[in-house]
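For reference, the structure is listed below as structure tokens.
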Amino acid sequence: MKTILVDAVDAFVSDTGAIFQEMYDLLETYENKKIILTGANDEQFKMFGLDKMPYEVFSLKHDPEKTDQKYYELMLEHFGLQKDEVVYFEHNLKAVESAQSVGIVSYFYDSGKKDLDSLKEFLDAKI
């Protein structure tokens, strides 16, 4: 069963720390493990409420950023996962491209549109 990698700030959680409830409800319809990915440092971790998330949170504290493919290589290594064992959605197009460059099936989630129907279609097709 594939692990769902979830973008943190500006997708799953707002910059004030509020969880996007409708996205949480959608993710809870899948039995798959979920991991929230962020670049937040210790101060941002608390500011965005990432210490109160319902899923495990992974951060490299901006070293490197999610726009660097090394972030995804280190994340996969940390969890003992292979690129074909995960799917990912992310609001930053450069981060999506970075994840794709290491072979992670990724979806650009437009945080302005909040199109959960398209996200569900992606998840249904890829997991």
Side-chain angles (χ1 to χ4, degrees):
M1 185 177 295
K2 292 190 179 188
T3 297
I4 301 172
L5 305 175
V6 179
D7 181 25
V9 180
D10 291 329
F12 188 73
V13 63
S14 73
D15 59 6
T16 62
I19 291 174
F20 181 18
Q21 187 63 44
E22 291 86 352
M23 181 181 286
Y24 172 75
D25 293 343
L26 170 63
L27 290 172
E28 283 297 290
T29 66
Y30 300 95
E31 294 181 8
N32 307 62
K33 178 178 180 176
K34 292 101 178 161
I35 302 170
I36 297 173
L37 302 186
T38 184
N41 62 30
D42 292 338
E43 180 182 329
Q44 293 168 320
F45 208 86
K46 292 208 182 293
M47 181 174 67
F48 297 136
L50 298 174
D51 54 335
K52 299 177 179 114
M53 292 295 107
Y55 311 125
E56 185 170 3
V57 179
F58 177 80
S59 180
L60 289 174
K61 303 178 184 181
H62 301 292
D63 185 25
E65 297 285 357
K66 291 194 293 180
T67 53
D68 183 333
Q69 72 181 38
K70 188 75 175 162
Y71 178 98
Y72 302 97
E73 293 167 352
L74 291 168
M75 180 273 303
L76 291 170
E77 182 181 317
H78 175 83
F79 289 106
L81 293 167
Q82 300 298 313
K83 62 186 178 199
D84 59 346
E85 296 176 319
V86 299
V87 296
Y88 179 40
F89 66 92
E90 161 71 49
H91 83 283
N92 180 320
L93 186 56
K94 289 186 182 194
V96 169
E97 292 167 351
S98 180
Q100 289 171 336
S101 77
V102 297
I104 295 174
V105 173
S106 304
Y107 172 78
F108 171 67
Y109 172 76
D110 186 332
S111 58
K113 292 183 180 178
K114 296 190 183 320
D115 185 354
L116 294 178
D117 291 333
S118 293
L119 178 58
K120 181 179 184 333
E121 288 175 19
F122 165 76
L123 293 171
D124 289 346
K126 302 301 181 182
I127 61 171

(request) Among residues two or more places apart or on two chains, list those pairs meeting salt bridge (charged side-chain N to carboxylate O under 4.0 Å, His left out) that have a residue in residues 52-64. (result)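 Applying salt bridge (charged side-chain N to carboxylate O under 4.0 Å, His left out) to every pair that reaches into residues 52-64, excluding sequence neighbours, yields Lys33-Glu56, Asp42-Lys61.
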
Student check: side-chain heavy atoms of [X] and [Y] closer than 4.5 Å:
{"X": "Pro54", "Y": "Tyr24", "answer": "yes"}
{"X": "Ile104", "Y": "Met75", "answer": "yes"}
{"X": "Leu50", "Y": "Gln44", "answer": "no"}
{"X": "Phe79", "Y": "Val86", "answer": "no"}
{"X": "Glu28", "Y": "Lys34", "answer": "yes"}
{"X": "Val102", "Y": "Lys83", "answer": "no"}

(message) For residues 104-117, which residue pairs pass the side-chain hydrogen bond (donor to acceptor under 3.5 Å, both in side chains) check, not counting sequence neighbours?
(response)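 Applying side-chain hydrogen bond (donor to acceptor under 3.5 Å, both in side chains) to every pair that reaches into residues 104-117, excluding sequence neighbours, yields Asp115-Ser118.
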
(request) Can you sort out the partners of Asp124 under salt bridge (Lys or Arg N to Asp or Glu O under 4.0 Å), two or more places apart, ordered by chain and number? (result)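 If we apply the salt bridge (Lys or Arg N to Asp or Glu O under 4.0 Å) test to Asp124, skipping adjacent residues, the hits are Lys120.
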
(request) Applying salt bridge (Lys or Arg N to Asp or Glu O under 4.0 Å), name anything that partners Asp10, two or more places apart in sequence or on another chain. (result) none

Hydrophobic cluster identity match, [X] and [Y], side-chain contacts under 4.5 Å:
{"X": "Val87", "Y": "Met23", "result": "yes"}
{"X": "Phe45", "Y": "Met53", "result": "yes"}
{"X": "Leu119", "Y": "Ile127", "result": "yes"}

(request) With sequence neighbours left out, write down each residue that passes ring pair (Phe, Tyr, Trp, His ring centres under 6.0 Å) with His62, or none if nothing qualifies. (result) none

(request) For Phe12, enumerate each residue passing the ring pair (Phe, Tyr, Trp, His ring centres under 6.0 Å) test, keeping only those at least two apart in sequence or located in another chain. (result)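 Ring pair (Phe, Tyr, Trp, His ring centres under 6.0 Å) check on Phe12 returns Tyr55.
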
Show me, pair by pair, the donor-acceptor contacts under 3.5 angstrom made by side chains of residues 2-9, not counting sequence neighbours?
unit_1: Lys2; atom_1: NZ; unit_2: Lys126; atom_2: O; d: 3.4
unit_1: Asp7; atom_1: OD1; unit_2: Lys66; atom_2: NZ; d: 2.7
unit_1: Asp7; atom_1: OD2; unit_2: His91; atom_2: N; d: 3.0
unit_1: Asp7; atom_1: OD2; unit_2: His91; atom_2: ND1; d: 2.5

Only counting residues at least two apart or in another chain, list the ones meeting side-chain contact (heavy atoms from CB on, under 4.5 Å) with [X].
{"X": "Glu31", "answer": "Met1"}
{"X": "Lys70", "answer": "Pro64, Asp68, Glu73, Leu74"}
{"X": "Glu22", "answer": "Phe20, Leu116"}
{"X": "Glu43", "answer": "Asn41"}

(request) Look only at the side chain of Ser101 and the backbone of Ser98, and say whether a donor-acceptor pair between them is shorter than 3.5 Å. (result) yes

(request) Return yes if some donor-acceptor pair links the side-chain N/O of Thr67 with the main-chain N/O of Lys94 below 3.5 Å, else return no. (result) no

(message) How close do Tyr88 and Ala99 get, counting heavy atoms only, and between which atoms?
(response) CD2-CB, 3.7 Å

(message) For a quick test of reading the model, state the closest non-hydrogen atom pair linking Ser14 to Thr16 and the distance between them.
(response) OG-OG1, 2.8 Å

Distance check, rounded to the nearest 0.5 Å: [X] atom [atom1] versus [Y] atom [atom2]?
{"X": "Leu37", "Y": "Glu90", "atom1": "CG", "atom2": "CD", "answer": "8.0 Å"}
{"X": "Asp15", "Y": "Met47", "atom1": "CG", "atom2": "CE", "answer": "8.0 Å"}
{"X": "Tyr30", "Y": "Leu123", "atom1": "OH", "atom2": "CG", "answer": "4.5 Å"}

(request) Could you work out the complete set of other residues in the hydrophobic cluster of Val96, with links drawn between I, L, V, M, F, W and Y side chains under 4.5 Å apart? (result) Leu93, Phe108

(request) Would you check if the distance from the ring center of Tyr71 to the ring center of Phe58 is below 6.0 Å? (result)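 Yes, the ring of Tyr71 comes within the 6.0 Å limit of the ring of Phe58, centre to centre.
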
